[in-house]
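First up is the structure itself, then whatever we jot down about it.
Keep in mind that what you see is a predicted model, and the values were worked out from it rather than measured. Here is how names work: the chains are called A, B, and so on, in the same order as the sequence lines, proteins then strands, and each is numbered from 1. Atom set for the values below is all heavy atoms of this structure, side chains included, hydrogens, waters and symmetry mates excluded.
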Amino acid sequence: LYSYNTLLIQLGKFEMVGVAQNVYKEMMNSGIKPNLLTLNSLINILCKKGKVQEATLVLSRIFQYDMNPDVFTYTSLILGHCKNSDLDSAFRVFGRMVKEGCDPNSVTYSTLINGLSNVGRVDEALDMLDEMTEKGIDPTVYTYTVLLTNLCRFDRVKEVSHLFADMRKRGCHPNEHTYTALISGLFRSGKLEVATGFYHKMLRDGLVPNTVTYNTLINEWCKGGKFVSALKIFDWMERRGSLPNAKTYNEIINGFCLEGYIEKAMVLLNKMLKVGPAPTLITYNTLINGYCKQGNLNNARRLTDLMKEKGCEPDVWTYTELISGFCKWGKLDSATGVFNEMSGRGLTPNEVTYTALIDGHCKEGNVDFALSLVEKMEESGCYPNLKTYNAMINGLSKEKRYAEAEKILGKMVEKGLLPN
RNA sequence: UCCUAGAACCUAACACAC
């Protein structure tokens, strides 16, 4: 039992759901009776991936064994619902645990606060912070970090400094994670100086930036026209004790692509293949996108072969990049070919894929065909978003079909989409 | 008072200008 539990816990850290489920089955087959720890670990692994249905099945086993779920069980379930943006269910579980006499703790609250703010309900999240305080549950650095991240994400930067001061007053000291989250959130909302201000504050606090911190800076600088600074960090971060990981390399590769130096990006890919860190699906997708953007679709294709050879299966992003690439260079037939190929490989096109193709057809003057694609995507349960409609409106306007363009505009407003 | 629960970083589609 102890070995199985340890194994499950480790698998959870690496988010290896499938393996964990097999281990659990094996355990059941060999007649070992799981305890609450076993089932909690399994529930958590499933919930981290949003597989609440399956987690609920495991929950019923807890009852079968006549055990009682504890805070760990409930908090994991709440997490699962939050991952699915299903806050109603999350609160249902929350209510249930209270009714069963199981007291939520600061982790439970942080999970809910994170769930709320991830769907934009930041005010309610802030209310929960008050609620937990009233109940005598002390918020932790985690709690504050979650809130700070989301205040940045939703452009409420003004409230950041208040909350930041608050947390220190209450004895919660921002750590590397907190600062990195702040920097990242501020970058995302375009507050570059404020972000770098926090970076320096972090150093003044005596905290040591880690790989994620550097990745955050590198990513921003690669995209914001400060590629040289990004490269500098990449160069010395290892000497400062932070090993570059695959994400670091992916960001630099993207930087090289954006600057038009694909060959340099390819040198990095080869380095990754030879000495690591091992390239990921995103590494290949980044390079494929680079080639697509510069119109070198042969090389883009070649890379999809290479990635398969190396054990990375192309995903929806890969195919969407190719489709967009072919469209951009007027090769609509090839784009359609890729679209069919991807369906043939069991991948479902999403709204981005459709938009790429729709835009391609609009730009080639096949506006009517584009319109039929919009219908097709709706039929397949994939809903046009702002960008899809923008592409259509643009296509129709260029053909001077203004009445139809305005009809689309009306339709998107009807659907609650805010035109930009 | 042992083991399990919560936070940060990478890739694709739309206008304008070029």
Subject >> Residues A:Asn340 and A:Ser343: side-chain donor-acceptor under 3.5 angstrom >> reply: no
Original post:
Does any donor-acceptor pair link the side chain of A:Asn215 with the base of B:A8 at a separation under 3.5 Å?
Top reply: no
Original post:
Would you say A:Asn390 reaches B:A15's phosphate, i.e. side-chain N/O to OP1/OP2 under 4.0 Å?
Top reply: no
**OP:** Looking only at side-chain atoms of A:Lys398, point me to the closest of B:C16, B:U4, B:A13.
**Re:** B:C16
**OP:** Mind checking A:Thr248 for me? I need base, sugar-phosphate or nothing, with any heavy atom below 4.0 Å counting as a touch.
**Re:** nothing
Original post:
Of the nucleotides B:C10, B:A7, B:C14, which has the atom closest to the A:His177 side chain?
Top reply: B:A7
Original post:
If we require ring centres under 5.5 Å and near-parallel planes under 30°, does A:Trp317 stack on B:A12?
Top reply: yes
Original post:
Checking only heavy atoms, does the side chain of A:Ser76 share a donor-acceptor pair with the base of B:G6 at less than 3.5 Å?
Top reply: no
**OP:** Indicate, yes or no, whether a donor-acceptor pair under 3.5 Å links the base of B:G6 to the side chain of A:Ser110.
**Re:** yes
**OP:** Anything under 30° is parallel, anything over 60° is perpendicular, the rest tilted; go ahead and classify A:Tyr179 against A:Phe198.
**Re:** tilted
Original post:
Between B:A8, B:A13, B:A7, which nucleotide gets closest to the side-chain atoms of A:Lys83?
Top reply: B:A7
Original post:
So, is A:Lys223 close to the B:U11 phosphate, meaning a side-chain N or O under 4.0 Å from OP1 or OP2?
Top reply: yes
**OP:** Would you kindly check whether a donor in the side chain of A:Asn105 faces an acceptor in the base of B:A5, or vice versa, at under 3.5 angstrom?
**Re:** yes
Original post:
Nearest-Å distance, OH (A:Tyr142) to P (B:G6)?
Top reply: 8 Å
**OP:** Identify which nucleotide among B:A12, B:U4, B:A7 has an atom closest to any side-chain atom of A:Val146, counting heavy atoms from C-beta outward.
**Re:** B:A7
